[in-house]
Protein chains: 2
Amino acid sequence: MALQNPSLDMIFAALADPTRRTILGMLLEDDMAVTDVAAPFEVSLAAISKHLAVLVTAGLIRQERRGRIIWCKLEPEGLRSASVWMQGFGQFEPVDLDDFERFLLAELEAARAESDEQP
Amino acid sequence: MALQNPSLDMIFAALADPTRRTILGMLLEDDMAVTDVAAPFEVSLAAISKHLAVLVTAGLIRQERRGRIIWCKLEPEGLRSASVWMQGFGQFEPVDLDDFERFLLAELEAARAESDEQP
DNA sequence: CCAATATTCAACCCGACAGTTAAGTAATCT
DNA sequence: AGATTACTTAACTGTCGGGTTGAATATTGG
């Protein structure tokens with residue numbers, strides 16, 4: 001079916017992948033080089049490079065070359081439209097940041113556990 | 001890659017489709033029978049039935065048979081975890097419900113325009 | 001300049017997903 | 001009971017997304 005609202009489509013699709021969500025969580029702490037983003041994952045660098053491209057297209061991160069390193073930085077404004085859309089449904093109480101931390105940690109843990117899986 | 005957090009994956013994936021978002025918007029106004037949900041779209045009833053199944057699995061709607069009609073109703077709580085996750089990034093100002101209305105209307109319009117496309 | 005580092009691109013595989021049509025099931029109406 | 005309404009399931013098709021490997025590009029360090 002034809003796209004009605006490309007940006008919301010792209011944003012939610014980007015968020016639907018656990019690897020990409022984990023990456024966003026990592027970038028929340030600090031800007032990172034592509035290689036460093038890829039480090040904790042078990043998949044290839046090329047795969048991570050593609051994930052980052054998806055995040056860029058969705059407007060969730062920005063990439064900025066400095067020297068031979070390409071820095072990835074979060075673009076939190078990219079989530080605004082999706083956030084507005086979602087909150088319209090639930091009227092959820094103001095965010096509990098601890099809940100959020102729990103989510104992020106859980107996903108990071110899971111990612112690490114997975115990459116440690118084969119010893 | 002193995003799923004880390006099936007529910008967030010499923011929720012965002014469900015939201016990534018414009019047809020499904022439009023359906024959620026419709027259900028925000030009122031509970032609806034499957035056939036009525038399908039009416040504004042140009043795709044087959046079977047296709048809509050599948051979309052609804054996805055929304056059920058993601059916990060975003062509930063279906064309840066009464067007689068031969070299956071009623072679909074929104075399950076706004078299903079969005080909570082995703083909403084918490086997203087807000088953690090942006091700290092967006094409290095939702096402007098008008099923004100939300102604009103989105104919903106835009107998507108409904110788009111859906112209708114599309115189904116009127118071939119005269 | 002040459003080698004090494006950092007990252008993307010290209011070509012390909014495979015499984016998931018949206019769509020279709022046709023048949024199957026469930027409940028109601030007369 | 002039989003026809004009709006309301007959905008779902010099955011089988012199939014085409015497209016897309018995530019993964020891989022290997023070659024290409026860009027930038028720096030020696």
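Sequence lines set the chain letters: A, B, ... in the order given, protein chains first and strands last, and positions in each chain run from 1. The analysis underlying the following values was restricted to heavy atoms, covering all of them including side chains, and did not include hydrogens, waters or symmetry mates.
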From the set [options], return the single nucleotide nearest to any side-chain atom of [X].
X	options	value
B:Ser44	D:dC7, C:dA6, C:dT21	C:dT21
B:Ser49	C:dA27, C:dG19, D:dT9	D:dT9
B:Thr19	D:dG18, C:dG19, C:dA6	C:dG19
B:Arg68	D:dT27, D:dA6, D:dT20	D:dA6
A:Gln63	D:dT20, D:dT8, C:dT8	C:dT8
A:Ala46	D:dT20, D:dA6, C:dA22	D:dT20
B:Ala47	C:dT20, C:dT7, D:dT9	C:dT20

Tell me: [atom1] of [X] to [atom2] of [N], nearest whole Å?
X	N	atom1	atom2	answer
B:Asp17	D:dT15	CG	P	18 Å
A:Phe41	D:dG18	CZ	C1'	14 Å
A:Leu15	D:dG17	CG	P	15 Å
A:Ile70	D:dT28	CD1	P	12 Å
A:Ile23	C:dT7	CD1	P	13 Å
B:Arg65	C:dA26	CZ	P	8 Å
B:Phe12	D:dG17	CZ	P	18 Å
A:Asp9	C:dC17	CG	P	16 Å

Between the side chain of B:Thr57 and the main-chain N/O of B:Ala53, is any donor-acceptor distance below 3.5 Å? yes
Please check this pair: side chain of A:Arg62 against backbone of A:Trp71, looking for a donor-acceptor N/O pair closer than 3.5 Å. no
Any side-chain N or O of [X] under 4.0 Å from OP1/OP2 of [N]?
X	N	value
B:His51	C:dC17	no
B:Arg20	C:dA18	yes
B:Thr35	D:dT5	no

Just wondering, do A:Val43 and A:Ile48 contact through their side chains at under 4.5 Å, heavy atoms? yes
Nearest-nucleotide wise, let me know which of A:Gly67 and B:Val34 is further upstream toward the 5' end of DNA chain D. B:Val34
Which value, rounded to the nearest 0.5 Å, describes the distance between A:Leu52 atom CG and A:Met32 atom CE? 10.0 Å
I'd like to know if B:Lys50 reaches the base of C:dT20 with its side chain such that a donor and an acceptor end up less than 3.5 angstrom apart. yes
Yes or no on salt bridge (charged side-chain N to carboxylate O under 4.0 Å, His left out) for A:Lys73 and A:Asp30, after CA distance, side-chain angles and deciding distance? CA-CA 8 Å; A:Lys73 50 183 8 166; A:Asp30 218 339; over 6 Å; no
